[in-house]
Engineer: 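Got a structure for you, written out below as structure tokens; questions coming shortly.
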Amino acid sequence: MMSAAKKMKANGVRVRFAPSPTGKMHLGTARAALFNWLYARQHGGAFILRMEDTDRARSEKAYEESILEGLKWLGLHWDELYRQSERTARYVLHLKSLLASGKAYRCFCSPDELEAEKEAQVAAGFPPVYSGKCRGIAKDESEGRAKRERSVIRLHMPDKKVSFEDLIRGEVVFDLALIGDIVIAKGLEEPLYNFAVVVDDEEMKITHVIRGEDHISNTPKQIAVAEALGFSVPRAFAHLPLILGPDRKKLSKRDLAKSILDYRDEGYLPSALLNFLVLLGWHPKGDKETLSVDEMVREFSFDRVQKSGAVMDAEKLEWMNGHYLRALPEGDLRALLATRLPREWLAEEEKFERVLRLERERLKGVASLKEEISFFFETPEYDVKMLAWKDSPLKSARAVLKKAYAILAKVRESDFKKEGVALALAPLAAEYGKGELYWPLRVALSGRKASPGPFECAEALGKAETLRRITIAIEKLS
Ligand code: GLU
């Protein structure tokens, strides 16, 4: 009869997201989390989070926390959480059994010796594979020496080919002879990645291993370890395509440096980021660009994941974020902005409302919004020369601004809307020419080469501030 645990493995999908807390969570890591999560949700399975913190020197609690925070922010909640650092006893147990069965052995070769061996092999045109020199040392002798000498533990690699089912690439075959006897632990209590993963995947009853393509060469090693331990191998693997920069080369340092929480802090929405991530290597039927999380869960499938590298396009992410920001209910948008824009800006409630109405349709991101609207709240600094329309002399700007001031000063507060302002200025524009009036007026109000039009700026700024800024421009021109 099958044990309960075995049955679970046979039926229910159990996937794992296994980050190493040796750095922040980047886009590539987050995508691996998302694809695992989607697969689990789609199959009613379990999404397991496993902190691969065996590298004690490089693992940090702060990184672990930022990964947990990033997952929560994205809404990728996990069903179980494990830390490899808390599982040492399990690894010791299985390492001992491999040593006892002779499927693993202690290796006493020094780094210098190994380096020389490798160089000689490469020089002779052979792939560098460990010679297996220490394989023949008798168990007793080996255990004795291990108490006095530095040693590592190697797997006795069988001389055969292994294959596995990759949900993206089909059947993948590796020749273990070309890999040789890999090091699986630095000592009994210091298991290495390719060993710990196998013990965990077995004991956590993982059915599908979904991870980045950079791990594809680890898979045959892990299968060999699993077979040596008498474990079953996960049902299938999926190695996700590399993420490339826009030039189809490796991602830039800048993109790599950015963590998921950095995106959050810049005002990106989780919905935008998830949508962006799911399209890094996958596309839905019909090639639609925007999908809700529910749609992703319904439509995701590995047969639509590409093998070739997925290009990461920061502009697309920005566009995506704009799409979700514009769709955000008013209250949610305000709440988001409230935490990311200067408090003084929001304190000018009515003005803030007018500015937001004006910018909403163009909204791309919170950082760009902040930059775009800052002049509404802070008196702009600009070079007086900018006030001149094309080749016109500065003094015509001065003359027309003085007239504009006189006209606008008479517009009633209640008419100080973009239509009212346009109507009031129309005769002056007809007299001087549109560019001659509207250019200096717009610069006076915004201090920028590009901004919303003068009527929109005037309405958003309000009458008093509009007049004040025109006065400043006139003074600059005097
Ligand atoms: N800990 C590995 C990493 O962060 C992932 C290992 C795996 O998914 O098997 O790259």
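Just follow the structure's listing: the first ligand is 1, and inside any ligand the first atom is 1. We number each residue from 1, following the sequence as shown. Please read these numbers as outputs of a predicted model, since none were measured by experiment.
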Engineer: Based purely on interatomic distance, does Val209 place a nitrogen or oxygen under 3.5 Å from a nitrogen or oxygen of ligand 1?
Structural biologist: no

Engineer: Roughly how far, to the nearest 0.5 Å, is CG of Leu38 from CZ of Phe302?
Structural biologist: 8.5 Å

Engineer: Can you tell me the protein heavy atom closest to atom 8 (O) of ligand 1 and the distance?
Structural biologist: Arg16 NH1, 2.8 Å

Engineer: With atoms numbered from 1 as shown, which atoms in ligand 1 lie under 4.0 angstrom from a non-hydrogen atom of Tyr193?
Structural biologist: 6 (C), 7 (C), 9 (O)

Engineer: With heavy atoms of Glu52 as the reference, note each atom of ligand 1 found under 4.0 Å away.
Structural biologist: 1 (N), 2 (C), 5 (C), 6 (C)

Engineer: Among all protein heavy atoms in this structure, tell me which lies nearest to atom 10 (O) of ligand 1, with the distance rounded to 0.1 Å.
Structural biologist: His215 NE2, 2.8 Å

Engineer: Keeping Asn321 on the side-chain end and Leu273 on the backbone end, is there a donor-acceptor pair under 3.5 Å?
Structural biologist: no

Engineer: Measure the distances from the heavy atoms of Phe17 to every atom of ligand 1 and state whether one is below 4.0 angstrom.
Structural biologist: no

Engineer: side-chain hydrogen bond (donor to acceptor under 3.5 Å, both in side chains): which pairs involve residues 174-192, sequence neighbours left out?
Structural biologist: Tyr105-Asp181, Arg135-Asp181

Engineer: Roughly how far, to the nearest 0.5 Å, is the NZ atom of Lys449 from the OH atom of Tyr382?
Structural biologist: 13.5 Å

Engineer: With a 4.0 Å cut-off, would you call Asp166 and Lys307 a salt bridge?
Structural biologist: no

Engineer: Any idea which atoms of ligand 1 are less than 4.0 Å away from a heavy-atom of Ser20?
Structural biologist: 1 (N), 2 (C), 3 (C), 4 (O)

Engineer: Any nitrogen or oxygen of Gln222, main chain or side chain, under 3.5 Å from a nitrogen or oxygen of ligand 1?
Structural biologist: no

Engineer: Is the Tyr193-His215 ring centre distance short of 6.0 angstrom?
Structural biologist: yes

Engineer: Does Ser259 offer a backbone N or O that forms a donor-acceptor pair with the side chain of Asp262 under 3.5 Å?
Structural biologist: yes

Engineer: Among all protein heavy atoms, pick the one closest to atom 5 (C) of ligand 1 and tell me residue, atom and distance.
Structural biologist: Ala18 O, 3.2 Å

